[in-house]
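What follows is one structure encoded as structure tokens, with my remarks underneath.
What you see below is based on every heavy atom in this structure, not just the backbone, and it leaves out hydrogens, waters and symmetry mates.
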Amino acid sequence: MEIQEKNRFVEFVKKYGIFIVVGIVIFAVALTFTLVAALHKAVPTGNTRLDFKSPMNNATVIKDFSNTELQLNDTLNQWEAHLYVDFASEDASVNSVLDGVVLKIDEPYLEGKTITIQHANGFTSIYSSLSDDVLVKVGDTVTAGQKIAEVDNTAAGELAMGAHLHFALKLNNNFVDPNDYLDLQVK
Ligand SMILES: [Zn+2]
């Protein structure tokens, strides 16, 4: 009796085993697709166009972002990558590009007075060559477009450029091209 049952089981597996295997494979593939789709939704791709405001009013880009092509730095007289975008404007106001919280205020020698703001989705914005009397302090909450400081000529590494904003955007702590996220040539 037991042997007969075993044989029936073996027969069953022989007959339908392939369907069971195919079923498991289809289930696994479907589960993988579902998980990948869910992860994709949860993690921002970085190409989402958030509502960034311009860091300066009526600004002109005087030196653009470049991570591969070297640009001449007139002040230091050397060719270098420029992971920043430099803005000049008749209006000295500097504005936060997104809602956020002031993370750091410091004064690195080459960049001058600098404010770093933490935003949602892993973005950080960095504003350098500011005048000393900044309008915010660490821990302050700021809104997109809010004036946080004025530009000056405090960046020792870019003195020859005059008063301007030396601006950078980071995503998950890596420099990114602000042109991918902000409409820099207008406003
Ligand atoms: Zn610069």
Side-chain angles (χ1 to χ4, degrees), residues 40-69 71 73 75 80-108 110-187:
H40 231 73
K41 250 188 191 169
V43 179
T45 59
N47 293 321
T48 332
R49 242 190 149 77
L50 297 172
D51 192 18
F52 284 94
K53 303 284 186 221
S54 178
M56 287 191 90
N57 307 319
N58 304 312
T60 309
V61 172
I62 53 172
K63 192 173 190 182
D64 214 339
F65 175 96
S66 67
N67 56 354
T68 48
E69 262 175 62
Q71 302 193 57
N73 180 321
T75 309
E80 58 186 23
H82 188 247
L83 302 176
Y84 293 72
V85 175
D86 292 329
F87 295 93
S89 172
E90 281 184 12
D91 182 349
S93 304
V94 175
N95 315 313
S96 177
V97 292
L98 286 171
D99 294 350
V101 176
V102 177
L103 188 68
K104 194 166 77 176
I105 299 175
D106 58 354
E107 196 160 2
L110 290 178
E111 282 83 25
K113 194 79 173 179
T114 298
I115 297 175
T116 304
I117 300 179
Q118 179 77 59
H119 309 288
N121 296 338
F123 283 103
T124 314
S125 56
I126 301 162
Y127 312 79
S128 290
S129 194
L130 306 174
S131 69
D132 278 330
D133 47 350
V134 298
L135 305 172
V136 290
K137 55 186 191 309
V138 172
D140 280 1
T141 301
V142 294
T143 54
Q146 182 182 329
K147 181 174 175 179
I148 54 169
E150 293 199 342
V151 291
D152 203 338
N153 201 7
T154 57
E158 293 186 341
L159 277 180
M161 295 175 77
H164 72 284
L165 174 67
H166 180 67
F167 171 81
L169 193 62
K170 284 184 173 181
L171 178 57
N172 302 325
N173 228 15
N174 296 311
F175 282 98
V176 290
D177 186 348
N179 289 283
D180 292 343
Y181 302 93
L182 289 101
D183 223 345
L184 300 180
Q185 310 301 331
V186 291
K187 280 182 271 179

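- H164 NE2 to L130 CG: the interatomic distance, rounded to the nearest 0.5 Å, is 10.0 Å.
- A donor-acceptor contact shorter than 3.5 Å links the side chain of T75 to the backbone of L159.
- Under the 4.5 Å side-chain criterion, counting only non-hydrogen atoms from C-beta, N67 is not in contact with F175.
- Not a single donor-acceptor pair under 3.5 Å links the side chain of S66 to the backbone N or O of T68.
- Taking 4.5 Å as the limit, every side-chain heavy atom of V85 sits out of range of all side-chain heavy atoms of L165.
- Between the side chain of S89 and the main chain of N57, a donor-acceptor pair closer than 3.5 Å is present.
- Scored by the side chain to side chain donor-acceptor pair (under 3.5 Å) test, D133 finds S131 as partners (sequence neighbours excluded).
- Contact of the V97 side chain with the Y181 side chain is not registered, since no non-hydrogen atoms from C-beta on lie closer than 4.5 Å.
- Applying the side chain to side chain donor-acceptor pair (under 3.5 Å) criterion to E107, with sequence neighbours excluded, gives no partner residue.
- Residues D99 and A144 share a closest heavy-atom pair of OD1-N, 2.8 Å.
- For D140, the salt bridge (Lys or Arg N to Asp or Glu O under 4.0 Å) test picks out K137, with sequence neighbours left out.
- A distance of 13.0 Å separates CD1 in I117 from NZ in K104, rounded to the nearest 0.5 Å.
- The aromatic ring centres of F167 and Y127 sit less than 6.0 Å apart.
- The CG atom of L169 sits 9.5 Å away from the CZ atom of F65 when rounded to the nearest 0.5 Å.
- Partners of T154 under the side chain to side chain donor-acceptor pair (under 3.5 Å) rule, at least two apart in sequence or in another chain, do not exist in this structure.
- Nearest heavy atoms, S54 versus L182: CA-CD2, 4.5 Å.
- Using a 4.5 Å cut-off on side-chain heavy atoms (C-beta onward), L135 and I148 make no contact.
- D177 meets the side chain to side chain donor-acceptor pair (under 3.5 Å) test with N179; sequence neighbours excluded.
- Using the six-membered ring where Trp is involved, Y84 and H82 have ring planes that are tilted, between 30° and 60° apart.
- Summarising the geometry, atom CG belonging to N95 is positioned 8.5 Å from atom NZ belonging to K147; distances are rounded to the nearest 0.5 Å.
- By the 4.5 Å heavy-atom criterion applied to side chains, E90 and N58 are not counted as neighbours.
- Taken to the nearest 0.5 Å, the CD atom of E158 stands 8.0 Å off from the CD1 atom of I62.
- Using a 4.5 Å heavy-atom cutoff, the side chains of K113 and I105 are in contact.
- Scanning all heavy atoms of the two residues, the minimum distance from M56 to F87 falls at SD-CB, 3.6 Å.
- With hydrogens and angles ignored, the 3.5 Å screen pairs no side-chain donor or acceptor of D152 with any backbone N or O of A163.
- Evaluation of the salt bridge (Lys or Arg N to Asp or Glu O under 4.0 Å) rule for E111 yields no partner, not counting sequence neighbours.
- Contact annotation: the side chain of T114 approaches that of P108 to within less than 4.5 Å [non-hydrogen atoms, C-beta and beyond].
- For the atom pair NE2 (H119) and OG1 (T124), the distance works out to 7.0 Å, reported to the nearest 0.5 Å.
- Looking at S93 and D91, their side chains do bring a donor and an acceptor atom within 3.5 Å of each other.
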